[in-house]
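Heads up, the thing below is written out as structure tokens.
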There are 2 protein chains.
Amino acid sequence: MDADLQKKPHHHGNLREALVLAGLQLLEEGGPDALTLRKCAALAGVSHAAPAHHFDGLHGLKWALAEEGFRRFRNYMVDAEVTGEQTPRGRMKSICRGYLHFARDNRALFQLIFGFDAKDVPVRPTRDVGSFGYEPLRRCCAPFIPDDVPREVIEAQVWSLIHGFTTLFLAGRFWALEDAPEDGAFDQVMALLDRVGTAPESLGNPGDPS
Amino acid sequence: MDADLQKKPHHHGNLREALVLAGLQLLEEGGPDALTLRKCAALAGVSHAAPAHHFDGLHGLKWALAEEGFRRFRNYMVDAEVTGEQTPRGRMKSICRGYLHFARDNRALFQLIFGFDAKDVPVRPTRDVGSFGYEPLRRCCAPFIPDDVPREVIEAQVWSLIHGFTTLFLAGRFWALEDAPEDGAFDQVMALLDRVGTAPESLGNPGDPS
DNA sequence: CATGAAATCTTGACGCTGTCAAGATGGCTG
DNA sequence: CAGCCATCTTGACAGCGTCAAGATTTCATG
């Protein structure tokens, strides 16, 4: 048994998974620039060219990491959903809170997933893993779809708001709101979602400067 | 005069500006990965190490490009504002349209500006050039600030929505909306702004599943 | 005007990166 | 048992950012 452990077999056995885990570790520890094929190989204990047999270059590794990232991303959202307030609007805000917290806790991975040079991602994540990863968002939007508005529009509204808030907040762009208590800025900005799915003509606000 | 033009002087004369222009050209032609100190130097006709005397490495060059990018970004928004409908809400949507169109027409530069690894940008752009660049957005939000809501919250709502929409749309994430006519998806999603700055209790929508 | 300091640019080198080609190794199938 | 093939290693290559040292030009100062 010691021989099995000590002698390094020529075949790693599960190198692909080991490389993905190494990549996740590198992203976590050193940010996007620390992700390197050679460092992943070193961390997995193989030679620098070994990853080429499991991924299509660096792009392929990033794609594999994005796949795993989507899974964890979805878990964040679903966990927040089942933990939070059990109303349609409570579920929607919980999903969004999970969205924000995943990005906060996995900055580099979030950035990798949404890094929007299309060539970094051989297959559109939104179509494959993405449709699975965004299913919670889609589901939580369902109760708010008016009859005369396409589903995709409401989803795009919610998604745009939480995605924009997440990226700008994490980039430190909302410095005026950052002194607020935990999730304070989140709650205030997400208050716009209290209006989602409601007809604009139903609000006759006094002094509304349209 | 020919001597002046033909003989390459040891001092370039305006190398810093030439390098910035070269960088913008590289970004436009080849995307973010094409931006390279050595290629900028070659394009400006100097040796590969010359840029080091004008920028603090690659980070410094990116910062200089972000500065110029902010200026052009602001021009896009202001141009859209003065061209579009002259109402408070019309101005707000025009600013947002300029936001989207700048990103569409300057993908790599937009990505550089908002690439949110903080270490890429030595000084927070939001505080310096940024406060100038975002002044149009701030101004167009002013008419919609309710008495009991901080200015920054409304601004963050509008900014989050347009920023999220822009990045997700350009990443091809809204494939269900992309068949719409020019700016169709934009108009539909930005319709959420019709609710901005209105009190949530003013909407008593029948069948509202809060 | 002369002279020295400082700014500017070149040359060369270093280590790191992704990628390719060729060879070694070992498990699996016929 | 033989041979194929996936897997992994080794070595090499160009391109990258960066540093050090030297050459050249400009500028200020005496």
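If you're wondering where the values come from, they're calculated on a predicted model, not measured in any experiment. Each chain gets a letter, A, B and so on, in the order its sequence line appears, and its residues count up from 1.
The ring-ring contact (aromatic ring centres under 6.0 Å, His included) test with B/Phe165 is passed by exactly one of B/Trp159, B/Tyr99, B/Phe174: B/Phe174.
In this structure, the NE2 atom of A/His48 is 14 Å from the C1' atom of D/dA14, given to the nearest Å. Atom P of nucleotide D/dG15 and atom CG of B/Leu26 are separated by 15 Å, given to the nearest angstrom. At whole-Å resolution of the value, CG in A/Leu37 and P in D/dT9 are 14 Å apart. Across the protein-nucleic acid pair, A/Asn14 atom CG and D/dA6 atom P stand 18 Å apart, rounded to whole Å. B/Glu17 places its CD atom 15 Å from the P atom of C/dT8, with the value rounded to the nearest Å. In this structure, the CZ atom of B/Arg38 is 14 Å from the P atom of C/dC14, given to the nearest Å. Atoms NE2 (B/His59) and P (D/dC16) sit 17 Å apart, rounded to a whole Å. Between B/Arg16 atom CZ and C/dC9 atom P there is a gap of 13 Å when expressed in whole angstrom units.
Here D/dG17 is the nucleotide among D/dG17, C/dT17, D/dA12 with the atom lying nearest to any side-chain atom of B/Leu58. Comparing D/dT9, D/dG17, C/dT10 by their nearest atom to the side chain of B/Val46 picks out C/dT10. Nearest nucleotide to the side chain of A/Leu15, out of D/dC8, C/dA13, C/dC9: D/dC8.
Contact check for B/Ser94 versus B/Thr83: no side-chain heavy atoms found under the 4.5 Å cut-off.
Within the 4.0 Å cut-off from OP1 or OP2 of C/dT17, at least one side-chain nitrogen or oxygen of A/Thr36 is found.
The number of heavy atoms from other shown groups lying within 6.0 Å of CG (A/Asn75) is above 12.
Annotation: salt bridge (charged side-chain N to carboxylate O under 4.0 Å, His left out) contacts of A/Glu182 (sequence neighbours excluded): A/Arg104.
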Go through the steps to decide whether B/Glu135 and B/Arg74 satisfy the test salt bridge (charged side-chain N to carboxylate O under 4.0 Å, His left out), and finish with yes or no. CA-CA 8 Å; B/Glu135 178 265 339; B/Arg74 194 193 122 98; 2.6 Å; yes
Quick one: do B/His101 and B/Tyr76 satisfy side chain to side chain donor-acceptor pair (under 3.5 Å)? Show the steps, please. CA-CA 8 Å; B/His101 286 177; B/Tyr76 253 78; over 6 Å; no
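The stretch residues 49-57 of chain A comes close to DNA chain D through A/Ala49, A/Ala50, A/His53, A/His54, each having a heavy atom under 4.0 Å from the strand.
Ring geometry for A/Phe70 versus A/Phe114: interplanar angle of 30 to 60°, hence tilted.
In terms of position on DNA chain D, the residue among B/Lys39 and A/Gly13 whose nearest nucleotide sits closer to the 5' end is A/Gly13.
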